[in-house]
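Below is one structure, written out as structure tokens; comments come after it.
In each ligand, atom 1 is the first atom listed, and ligand 1 is the first ligand listed.
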Amino acid sequence: MVHLVIDGKGFQAEEGQNVLEVALENGIEIPHLCYHEQLSPYGGCRLCLVEITRGARTFLSTSCTYPCLEGLVVRTDTPDVLRARRLVLELLMPLAPEAPRLQALARQMGVTETRFASDEEVDDCIRCGLCIRACAELVGAEAITFSGRGERRKVEPPFGEEALNCIGCGACVFLCPTGCLHMEDQDGVRTLDKWKRTLSLKACASCGRRYLPFAQIEFARQKGEDPPAEGWFEFCPDCR
Ligand code: SF4
Ligand code: SF4
Ligand code: FES
């Protein structure tokens, strides 16, 4: 275990835990958009900035990528921290101006307007990489990736073609902080427009509703995974 101080209070943390994780576990709110406790930290949104004092040095760092170390002193609410986070939010807002989570953060942080504009066509994606990490690390499908650099960087299937590895599980849609990913079930087919993917759905053995992509069942079987619950592959959530 290591000992650190956050906002004047002492905490114990396990080696390897990051500062954001320990703060959140102890009820200290730090705004964050690209962190998820089950995924590797990426430092993509930069909203979780805090002030860190280590030895004689004091500096700003993203808390989701900074490891808890013995004797670390962290401040989450200094004027510099709050100013830097507001600037980060101003930079993110033009990328996803309609995203409710960004709007809520702006209200909370007192950001009423942004001095920046996006040169790219607005697609409501803040390039946080949460969808890519969820697909690779939680699902194991590795269906999507970043392409391009700088302002042209975007998330897409390999070579911009249909994401053939996508099994239609919806994890990326569920976790996306801006809500810019969409998944629709219609006439027995699931469509994920951003991944150019359409998947045929299996019907529930009881009510007949087509609800589960065959590709998802096949993927689980290939991985040798047991269904999460009895009847999971046969019956829809309403009939289980
Ligand atoms: S829906 Fe497709 S792209 Fe999204 S996490 Fe699942 S497999 Fe990956
Ligand atoms: S699609 Fe959503 S989760 Fe993926 S990078 Fe963009 S904002 Fe993040
Ligand atoms: S939550 Fe730390 S950089 Fe996004």
Side-chain angles (χ1 to χ4, degrees), residues 18-24 29-50 52 60-67 74 76 81 84-85 88-89 91-102 105 118 120 122-148 153-158 161-185 190-199 201 212-220 222-223:
N18 63 62
V19 169
L20 178 61
E21 199 177 352
V22 174
L24 295 176
E29 260 315 308
I30 298 175
H32 56 280
L33 287 170
C34 72
Y35 171 74
H36 187 281
E37 64 279 7
Q38 286 178 48
L39 299 175
S40 56
Y42 171 63
C45 72
R46 308 202 64 77
L47 206 59
C48 67
L49 286 169
V50 293
I52 294 196
L60 295 186
S61 171
T62 46
S63 54
C64 70
T65 55
Y66 208 90
V74 180
T76 70
V81 167
R85 280 193 205 141
V88 168
L89 192 58
L91 287 162
L92 292 175
M93 281 164 65
L95 301 177
E98 306 298 328
R101 254 179 91 179
L102 262 68
L105 281 168
S118 174
E120 296 294 303
V122 173
D123 59 3
D124 290 328
C125 171
I126 57 169
R127 279 65 171 165
C128 72
L130 205 48
C131 53
I132 298 173
R133 282 175 289 141
C135 187
E137 297 174 24
L138 281 183
V139 185
E142 299 186 1
I144 48 178
T145 184
F146 274 124
S147 71
R153 189 170 166 84
K154 61 179 176 179
V155 188
E156 56 179 13
E161 306 284 338
E162 178 180 356
L164 294 174
N165 282 0
C166 172
I167 58 170
C169 67
C172 54
V173 180
F174 182 71
L175 288 179
C176 175
T178 65
C180 72
L181 301 177
H182 307 288
M183 182 169 85
E184 193 184 352
D185 289 358
R190 176 165 295 176
T191 306
L192 291 109
D193 52 358
K194 188 131 178 179
W195 313 143
K196 303 176 181 168
R197 186 70 166 145
T198 52
L199 300 123
L201 298 172
L212 183 66
F214 285 104
Q216 195 171 342
I217 300 172
E218 187 51 34
F219 184 77
Q222 275 178 14
K223 282 177 77 181

| ligand 1 atoms in contact with Trp195 (distance to a heavy atom under 4.0 Å) | 3 (S), 4 (Fe)
| note | Which of Glu161, Glu162, Glu156 passes salt bridge (Lys or Arg N to Asp or Glu O under 4.0 Å) with Arg197? It is Glu162
| Pocket residues of ligand 3, ordered first by chain and then by residue number (heavy-atom cut-off under 4.0 Å) | His32, Leu33, Cys34, Tyr35, Gly43, Gly44, Cys45, Arg46, Cys48, Thr62, Cys64
| query | Are Cys64 and His32 side-chain neighbours, meaning at least one heavy-atom pair lies under 4.5 Å? | reply | no
| Smallest separation among heavy atoms of Ile126 and Leu102, with atom names | CG2-CD2, 4.3 Å
| What protein heavy atom sits nearest atom 8 (Fe) of ligand 2, and how far off is it? | Cys128 SG, 2.4 Å
| note | So the atoms of ligand 2 within less than 4.0 Å of a heavy atom of Thr178 turn out to be 7 (S)
| task | Considering non-hydrogen atoms only, spot the tightest contact between Leu199 and Cys166 and give its length. | result | CD2-O, 3.5 Å
| field | Check: Leu105 and Leu33 side chains under 4.5 Å, non-hydrogen atoms | value | yes
| task | Verify, without hydrogens or angle tests, whether Arg190 (side chain) and Glu184 (backbone) share a donor-acceptor contact under 3.5 angstrom. | result | no
| note | Rounded to the nearest 0.5 angstrom, the CZ-CG distance for Arg46 and Leu91 is 11.0 Å
| message | Show the atoms of ligand 2 that are less than 4.0 angstrom away from any heavy atom in Val155. | response | 5 (S)
| What are the two closest non-hydrogen atoms of Pro158 and Ala143, and how far apart are they? | CD-O, 3.2 Å
| Subset of ligand 1 atoms that lie under 4.0 Å from at least one heavy atom of Ile167 | 2 (Fe), 7 (S)
| remark: atom 2 (Fe) of ligand 2: closest protein heavy atom, distance to 0.1 Å, is Cys176 SG, 2.4 Å
| said: Show me which atoms of ligand 2 lie under 4.0 Å from any heavy atom of Cys180. | reply: 1 (S), 2 (Fe)
| task | Considering the heavy atoms of Cys135, write down every atom of ligand 1 situated less than 4.0 Å from one of them. | result | 3 (S), 5 (S), 7 (S), 8 (Fe)
| query | Hey, is the main chain of Cys48 close enough, under 3.5 Å, to the side chain of Ser63 for a donor-acceptor pair? | reply | yes
| task | Could you tell me which atoms of ligand 1, counted from 1 in the order shown, lie closer than 4.0 angstrom to a heavy atom of Cys166? | result | 1 (S), 2 (Fe), 3 (S), 7 (S)
| remark: shortest atom 7 (S) of ligand 2-to-protein heavy-atom contact is with Ile126 N, 3.4 Å
| said: Is Gly170 close enough to touch ligand 1? Criterion: a residue heavy atom under 4.0 Å from a ligand atom. | reply: yes
| query | Does the side chain of His182 reach to within under 4.5 Å of the side chain of Lys194, using non-hydrogen atoms? | reply | no
| Atom indices of ligand 2 within 4.0 angstrom of Cys125 heavy atoms, with elements | 1 (S), 5 (S), 6 (Fe), 7 (S)
| Close side-chain approach of Arg85 to Val50, heavy-atom, < 4.5 Å | yes
| request: Decide if atom CZ of Phe146 counts as having more than 12 heavy atoms of other residues, nucleotides or ligands within a radius under 6.0 Å. | output: yes
| request: Quick one: look at Leu181 and ligand 2, take heavy-atom pairs under 4.0 Å, and tell me if it's side chain, backbone, both or neither. | output: side chain
| field | Residue pair Cys169 / Phe219, side-chain heavy-atom distance below 4.5 Å | value | no
| Would you call Leu49 and Leu47 a side-chain contact if the rule is heavy atoms closer than 4.5 Å? | no
| field | Protein contact to atom 4 (Fe) of ligand 1 [nearest heavy atom, distance to 0.1 Å] | value | Cys172 SG, 2.3 Å
| Hey, is there an N, O or S on Cys169 sitting under 2.8 Å from atom 4 (Fe) of ligand 1? | no
| Cys131 neighbourhood, listing ligand 2 atoms whose heavy-atom distance to it stays under 4.0 Å | 1 (S), 3 (S), 4 (Fe), 5 (S)
